[in-house]
Amino acid sequence: MGSPLTRSLAMLDPRSSPDAYEEFLAVLRRGGAIAYPAETMYGLGAIGPDRENEARLNRMKRRDPASPLIYLTDGWLRCASLCADPRGAGRALAERFWPGPLTIVLPRSDGNGTVAFRQPALPFVHRWIRDLDSLLSSTSANRSGEPPAFTERSVLHSFETELDAIVLDGDFTPRGAPSTIVRIEKSGYTILREGSIPEAQIHTT
Ligand code: AMP
Ligand code: MG
């Protein structure tokens, strides 16, 4: 969105000012890229699914434009049509662990590979998703191979010229391990990354 000459980077706290919030939603609706303080680190986000937005987030990270991103959701219902859900296992895990640090990877409903979802424990993000009536594509706000970013300063250091908006870190303090990632298969499941939810707590029907 926008040429580098005309882009202005909005720095705002959409949690506190209604005007700033409307501006922030408008940036996302225009296909803009944002950075926001997620549960354990800063994330990059854009409206999704959207191939262009996703390619752009990957370009910002300097990695393959087809690398998979996760979709942030405000609940199971919003992602259900995009995935097949063998045995209802995805829904059952979502009901047990969302909102929370469990990323659920499922077969795509079109049969074309897999898709990953998470409902973060961040009420302000649920509000964005509800007000936009859209999932958000998301990934960590660091260049590929670099460490995660915990402050707006370090996000701006990498992405100042490429971002359309950044949510200020306010009282954010990074905590905890990243999400546990589970892939649901036709029969059974695989833990792709053990994060803050221990593998022993995960069992699918
Ligand atoms: P994070 O946002 O750090 O919790 O990471 C989410 C993780 O999910 C990243 O490591 C992605 O590579 C991974 N991921 C996203 N989509 C998929 C997918 N379809 N299959 C497997 N892993 C995925
Ligand atoms: Mg990452």
Side-chain angles (χ1 to χ4, degrees), residues 33-51 53-74 76 78-86 89-91 93-94 97-122 124-126 128-129 135-151 154-155 158-159 163 167 169 172 174-186 188-199 201-202 204:
I34 61 149
Y36 67 99
E39 288 142 300
T40 58
M41 61 183 81
Y42 256 87
L44 300 177
I47 278 189
D50 181 292
R51 200 196 294 236
N53 285 355
E54 284 149 33
R56 178 169 165 209
L57 295 181
N58 281 323
R59 275 199 309 275
M60 288 171 67
K61 294 190 62 147
R62 309 284 191 264
R63 66 179 189 184
D64 183 336
S67 303
L69 304 172
I70 67 151
Y71 293 117
L72 302 181
T73 185
D74 58 349
W76 174 257
R78 198 181 289 279
C79 42
S81 67
L82 292 177
C83 60
D85 187 17
R91 183 182 188 134
L93 286 175
F97 293 105
W98 286 0
L102 184 69
T103 298
I104 306 176
V105 178
L106 290 148
R108 280 187 191 271
S109 49
D110 62 9
N112 229 333
T114 57
V115 59
F117 302 105
R118 178 166 74 241
Q119 183 185 5
L122 298 168
F124 58 94
V125 174
H126 304 172
W128 304 345
I129 293 167
L135 299 168
L136 290 175
S137 300
S138 180
T139 179
S140 55
N142 53 274
R143 294 241 159 89
S144 192
E146 291 180 5
F150 299 111
T151 61
S154 101
V155 172
S158 297
F159 298 114
L163 276 174
V167 179
D169 48 23
F172 166 76
R175 59 193 171 278
S179 65
T180 295
I181 306 177
V182 58
R183 183 178 63 214
I184 312 256
E185 283 134 18
K186 272 209 184 87
Y189 63 95
T190 302
I191 302 285
L192 299 178
R193 174 175 78 191
E194 186 162 16
S196 47
I197 296 175
E199 172 159 11
Q201 280 188 33
I202 312 249
T204 67

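Atoms within a ligand are numbered from 1 in the order they appear, just like the ligands themselves. Computed from a predicted model, the values in this text were never measured in an experiment.
The closest donor-acceptor contact from the side chain of S137 to the backbone of G45 lies at 3.5 Å or more, if one exists at all. The backbone N or O of L102 sits less than 3.5 Å from a side-chain atom of W98, completing a donor-acceptor pair. The backbone N or O of L82 sits less than 3.5 Å from a side-chain atom of S109, completing a donor-acceptor pair. Counting only distance, with no hydrogens or angles, the side chain of H126 and the backbone of P120 share a donor-acceptor pair below 3.5 Å. The backbone N or O of S158 sits less than 3.5 Å from a side-chain atom of R143, completing a donor-acceptor pair.
Remark: among candidates T114, L102, T103, T190, the nearest residue to atom 19 (N) of ligand 1 is T114, based on non-hydrogen atoms. Selection from P68, S137, S67, A177 by nearest heavy atom to atom 12 (O) of ligand 1 gives P68.
Which parts of ligand 1 touch L192 is read off a 4.0 Å heavy-atom cut-off, strictly below it: atoms 21 (C). Every atom of ligand 1 with a heavy atom of S179 under 4.0 Å away is listed here by number and element: 4 (O). The atoms of ligand 1 that sit less than 4.0 Å from any heavy atom of I70 are 6 (C), 8 (O), 15 (C). Listed by number with element, the atoms of ligand 1 under 4.0 angstrom from any heavy atom of A116 are 15 (C), 16 (N), 17 (C).
Side chains of R63 and T139 form a contact here, defined as non-hydrogen atoms less than 4.5 Å apart.
Residue-level proximity to ligand 1 for R118 is carried by the side chain, the only part with a heavy atom below 4.0 angstrom. With a 4.0 Å cut-off on non-hydrogen atoms, L69 touches ligand 1 through its backbone and not its side chain. With a 4.0 Å cut-off on non-hydrogen atoms, V105 touches ligand 1 through its side chain and not its backbone.
With 3.5 Å as the limit, one finds a donor-acceptor pair spanning the side chains of R118 and T103.
Annotation: R193 places an N or O atom under 3.5 Å from an N or O atom of ligand 1; distance criterion only.
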